[in-house]
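These notes concern the structure reproduced below.
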Amino acid sequence: MLAISIPAASAQGNGLQYNHSAGVVTLSTDELSVKVVGANQVPHFFWWDPNNESIDYHMLFVSLFEANDTDGDNVFTRGVDEVIGARFMLPTSGWEFSGFETESEGDNITAVHFNFTTTTEFDPRPMGENWQIPDMVAFDVMVQIRVHLYMDNPGEVKFDVIIDGWNWTYDSSILVLQFTITESGHGEGMPERNPRGFHKVGTKFNFDNAYMHYEEEALALESQNSLQVRASYGEGMGGERGESVYLAFEYFGNDTLIYDPVLGIASADTLPLDSTTTLMVVGGVAVVAIVAIWLKLRK
């Protein structure tokens with residue numbers, strides 16, 4: 001059962017709440033709170049733990065650019081791989097909100113979906129210069145952010161990135177999507193610091209009690225081909241704050257790219273133990289072992 005709401009809406013059901021006002025969408029469950037800003041700035045995700053409202057985590061979309069994979073490792077390596085032409089800085093205006101679409105079982109809402117979409121002209125010639133590359137001309141790029149929250153996994157929010165209309169300069173290039181991860185005090189707005197404990201394990205970036213998970217495959221929509229995706233991270237390309245994450249997509253020609261990472265809050269039972277807790281657990285195990293040995297010797 002599907003239902004589509006009017007663009008400015010507020011609703012709740014079965015622990016899921018969602019609202020849209022003035023280009024800002026808010027979502028919340030018992031395990032996750034999310035705010036997505038798509039008006040008058042680049043798409044910006046805020047998310048936090050509603051049971052510990054001390055830190056806001058931020059993911060800010062920054063740019064798209066074509067690059068020459070100089071070292072041939074299918075990963076964008078800053079300072080090694082050459083950026084081809086100018087970067088497409090994701091626009092700060094023109095993002096259209098789709099309205100909400102929900103899924104239900106009886107009276108319970110089980111999922112909510114919405115999109116932010118923009119189509120913008122991009123001139124890849126650096127500083128407007130006329131490069132000696134015949135195919136390097138201005139073209140329209142459509143970028144859509146599709147957001148999904150499912151109540152069978154209420155601690156995560158999925159978002160699809162759709163890219164259509166990219167005019168490749170070389171078919172040997174990679175296309176790189178750059179975004180930043182930062183954190184701030186809860187409710188403080190724009191972040192000022194790197195996320196604590198930021199590190200990569202497999203296909204997951206972990207930081208404090210939050211994470212971003214990425215898939216190693218994307219989809220070329222029209223051909224239904226799978227595309228290889230590789231991730232790297234480090235400093236920004238233009239002095240951006242926080243940790244810049246670079247997702248590198250292999251060449252997909254004139255096709256439409258669809259890709260779906262995940263943002264989330266780690267549940268308490270998946271968080272690593274701190275040193276105090278670890279000592280308590282080890283100490284407790286040791287005490288149990290000593291008591292067991294003492295009882296055995298008394299028999």
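Residues: numbered from 1 along the sequence shown.
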Can you tell me if [X] uses its side chain to pair, donor with acceptor, with the backbone of [Y] under 3.5 Å?
X: D56; Y: G187; value: yes
X: D81; Y: T70; value: yes
X: D49; Y: E53; value: no
X: D255; Y: S223; value: yes
X: D73; Y: V75; value: yes
X: S104; Y: D107; value: no
X: W95; Y: T117; value: no

### Query
Where do V42 and L90 come nearest, in terms of heavy atoms and distance?
CG2-O, 3.1 Å
### Message
How close do A248 and F76 get, counting heavy atoms only, and between which atoms?
### Response
CB-N, 4.0 Å
Any donor-acceptor N or O pair under 3.5 Å, side chains [X], [Y]:
X: D260; Y: Y214; result: no
X: T180; Y: E240; result: no
X: Q178; Y: S63; result: yes
X: E217; Y: Y259; result: no
X: N153; Y: E156; result: yes
X: D140; Y: T119; result: no

### Query
Counting only heavy atoms not in E222, do more than 12 fall under 6.0 Å of its CD?
yes
### Message
Counting only heavy atoms from other residues, nucleotides and ligands, does the tally under 6.0 Å from CG of D30 exceed 12?
### Response
no
### Task
Carefully, step by step, assess L257 and L227 under the rule side chain to side chain contact (heavy atoms under 4.5 Å, CB included).
CA-CA 9 Å; L257 173 76; L227 302 170; 3.5 Å; yes
Please report whether the ring centroid of [Y] lies less than 6.0 Å from that of [X].
X: F65; Y: F88; result: no
X: Y233; Y: F198; result: yes
X: W166; Y: F139; result: yes
X: F97; Y: H20; result: yes

Mind checking side chain to side chain donor-acceptor pair (under 3.5 Å) for [X] and listing every partner two or more places apart, or none if nothing turns up?
X: S173; result: E66
X: T92; result: none
X: N115; result: none
X: E31; result: none

### Task
Have a look at V161 and tell me which of L64, L177, L247, I258 forms a side chain to side chain contact (heavy atoms under 4.5 Å, CB included) with it.
L177
### Task
For a side-chain hydrogen bond (donor to acceptor under 3.5 Å, both in side chains) with H58, tell me which candidate from H44, R241, K35 qualifies.
H44
### Message
By the definition side-chain hydrogen bond (donor to acceptor under 3.5 Å, both in side chains), identify the one residue from H113, Q144, H148, R146 that meets it with D160.
### Response
H148
### Message
Test of understanding: with side chain to side chain contact (heavy atoms under 4.5 Å, CB included), list the residues that count as partners of S33, not counting sequence neighbours.
### Response
S28, W48, P50
### Task
Determine, stepwise, if the pair E103 / Y150 fulfils side-chain hydrogen bond (donor to acceptor under 3.5 Å, both in side chains).
CA-CA 9 Å; E103 299 177 38; Y150 298 94; 4.9 Å; no
#### Entry: Working for side chain to side chain contact (heavy atoms under 4.5 Å, CB included), residues Y211 and I265
CA-CA 6 Å; Y211 60 88; I265 294 293; 5.7 Å; no
### Message
Please enumerate all residues that pass salt bridge (charged side-chain N to carboxylate O under 4.0 Å, His left out) together with R78, with sequence neighbours excluded.
### Response
E235
### Query
Do the ring planes of F61 and F159 sit parallel (below 30°), tilted (30 to 60°) or perpendicular (above 60°)?
perpendicular
